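Here's the structure we're looking at; comments come further down.
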Amino acid sequence: MKRMSGVLLAAMLLLGKLQAQQVSIIPQPAKLEVLSGHFLINAAVSLQYNEPALLKPVADWFKAAIADVSGIRLSTQPNAARRIVLQLTTPVKPTDESYTLDVSANLITIKAKSYGGIFYGMQSVLQTLPAIRTNALLQVPCMRVQDAPRFGWRGMHLDVSRHFFGPEVIKQYIDLMATYKMNTFHWHLVDDQGWRIEIKKYPKLTSVGAWRVDQNDKVWGSRPQAKAGETPTYGGYYTQAQLKEIVAYARQRNVTIVPEIEMPGHVASAIAAYPELSCTQQPQLPLTGGDYTNMSSNYCAGNDSVFTFLQDVLTETMAIFPSTYIHIGGDEVDKGPWKKCARCQQRMQQQGLKNEEELQSYFIQRIEKFVVSKGRKMIGWDEILEGGLAPEATVMSWRGEAGGIEAAKMNHDVVMTPGSPCYFDHYQAGPEGEPRAIGGMNTLQKVYSYEPIPAELPADKARYVLGAQANLWTEYITTAEHVEYMVLPRMLALAEVVWSPKETRDWQGFNQRLQPHFRAFEQKGLHYSKGNFTVNIKPVSANGQVQVQLSTEAMNGAIYYSTDGSEPNVTSQRYTSPFTLQQSAVVKAVTVIQGEVMGVKAASQSFVLHKAVGSAVQYVHPVSRYYQADGLNSLTDGIRGMHAVGKFWHGFSGKDLVATVDLGSSKTIQQVTLGCLQRYNDWIFLPQSVMVEYSIDGQSFTTLGTVSNTVSSNEKASIIKDFTVKAAAVKARYVRVTAKVIDACPKGHSGEGKVGWLFADEIIVE
Ligand code: ACM
Ligand code: ZN
């Protein structure tokens, strides 16, 4: 072997590194080795494959994709000097999506045990080529790839009920999924505001249920109900022929479509078509938006003809969709109508069901039996756990991960799709400057950081987690462009979460590989979010001091900030590391890229310094795991909550907030304030009263004072209220605050009689 000079070696390593950077495959392959040189695709290249019965569709698809970006038709010449060879290896194993890809100057070989594996090998090749037709040479870098997905369920959901998207939009959605190796399309075909799947036996489901009075000029929540005499003009549905064509289109791209036939709630559209399916059996018009007043939204669980109807609907559905899984919904069933219905109550009596949760379980189990009898598996939202899980059900965990964990512990398969970070109808940036979203904040980095196997799940149960999925509900999304925007680029982050080995996950590397994909979106005219430029302002409190930590998700973004209320710009202080506040202040910060302030509005956060900042807090009832704000000491972090729920609010469900602050040493105090929130629509209510006690030893407490709430729990506007107890100065080391939660959600509220939430942001001791 000839020895290379050090300089030459260094140059080659550098070259290797540069080349490695040029291969920006998303999701990152399990093993990728970039070599020098490339395979040139031109008219002299042939495409060959064994097993034509299986591989012809995938070869045809690849030829079309190459023709799209080059105009070149690959030949089938067996003796061509340069060849692309697809090789299905035995034993064929349809569920094994792994592949190997070898690219050398004259030969590209893709080997796999399944159609899907071959397809993904080709997707990896395509990602190295231009996204659209250009005059550029088509050069595939020489490389060796050994790749396999981490999870079998790599899902994307789309709600086509709240707004309807035609077959071409669906195909494009499937194409985008396939590009990033997502393999499961959860198609939400049924909901209150539109029935979208043609069922030949029940034509009114689509002739009536698919059409509503057009209120698209108004935002979802403020759409009035249809009035008698108004004509339904907005909507649409897919014919069975269209659905079958889309199923075949998806199959060619290794995408399985899991249809969702929602039940027993969220079916006002079906009831508009066939009122006899509901408990009240009253006629109604399809919903126009979010106003459910006097609408029936449930099937009657006491009426056997409902089950006959659903079996017929499922039979036609299964004839269209060959998927193993059939999704039956099961979420958010308002049990109220069942409580008032004689037939439902009679069913409960006959079946010995203790409550309406068990009635729901009866409903779902009866449907599962039917689905299983047809050789399929049933999947439903995590509410199907209530009242007892159907014996073979797979659970889709959306209200956090708790349902998924519970089901996996019972040896049931689960798919993780927790609202945070898997709901892509939430904001990904801003919210200033962003299209209106349903709320919440699921940024690209948050999605990228998601781990589908919860830490608290015992290791031997991890295998029940089939994978993860993002959901796109479309109450606020009316156009295909907006669908693209919500999905891009977050789907790419999720793709890497569910495909790539956990140990290859690397936010910086992902961000770098993302850049050419952004250019591809631009070339293809796809709408996408350029990123979350809003600076994250995070308090870090310790030893009575508040430190402020600033971060940005933007690649190569610098942060500039002010603490005097002024608008920050490139002449402001540049952030390097967490800083300490000496007095109460409003911190404002912006992301700057190449000298330009990014985003619409500076991030802004108010900090309040007081005697308890940084102090440890003990709770009698634990803070909800869903609303921990920035950690267990949120109530003494010196940071005030804002109207946007979730951020910096500590949440307590149904129980009083009883918090004891340890000031560390005896201090003179004369005023204690608890900041609280009311958000009627989110079931968050101000406490009935707030009592403050103090103590020297932490054992015996003396009351400093109590204040009562004067705001009605029926007040619907978002309210932030400070409950302040003021007294003569005393010496104390411990301060105990007791905020009494309201007994129940008020009369007329959607949670009437159920427990509400208490949200607090800070215990201010002065
Ligand atoms: C859901 O988001 N209601 C499943
Ligand atoms: Zn009923």
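The structure displayed is predicted, hence computed values, not measured ones. Read the numbers this way: they start at 1 and go in the same order the structure lists the ligands and their atoms.
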So among Tyr423, Phe185, Trp187, Trp473, which one has a ring pair (Phe, Tyr, Trp, His ring centres under 6.0 Å) with His157?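 Exactly one candidate clears the test, Trp473.
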
Expected contact list for ligand 1 at under 4.0 angstrom, heavy-atom basis, is Asp331, Glu332, Trp381, Trp398, Tyr423, Trp473

Answer yes if the ring centres of Tyr274 and Tyr299 are under 6.0 angstrom apart, and no otherwise. no

Pair His188 and Trp381, ring centroids less than 6.0 Å apart: no

Give every protein N, O or S atom lying under 2.8 Å from the Zn ion (ligand 2), naming each by residue and atom.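 Per the 2.8 Å query on the Zn ion (ligand 2), atoms found are Cys279 SG, Cys300 SG, Cys341 SG, Cys344 SG.
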
Face-on cation placement of Arg366 at Phe307 ring, 6.0 Å and 45° thresholds: yes

Hey, what's the ring geometry for Tyr237 with Trp211, parallel, tilted or perpendicular (30° and 60° as the breaks)? perpendicular

Does the plane of the ring in His749 sit parallel, tilted or perpendicular to the ring in Trp683? Use 30° and 60° as the thresholds.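 The rings of His749 and Trp683 stand perpendicular, inter-plane angle above 60°.
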
Who passes side chain to side chain donor-acceptor pair (under 3.5 Å) against Thr308, sequence neighbours left out? none

Under the side-chain contact (heavy atoms from CB on, under 4.5 Å) test, which residues partner Ser296, sequence neighbours left out? Ile271, Ser278, Thr280, Gln284

Between His186 and Asn471, is a side-chain hydrogen bond (donor to acceptor under 3.5 Å, both in side chains) present by the stated rule, with each step listed? CA-CA 8 Å; His186 172 172; Asn471 295 337; 4.8 Å; no

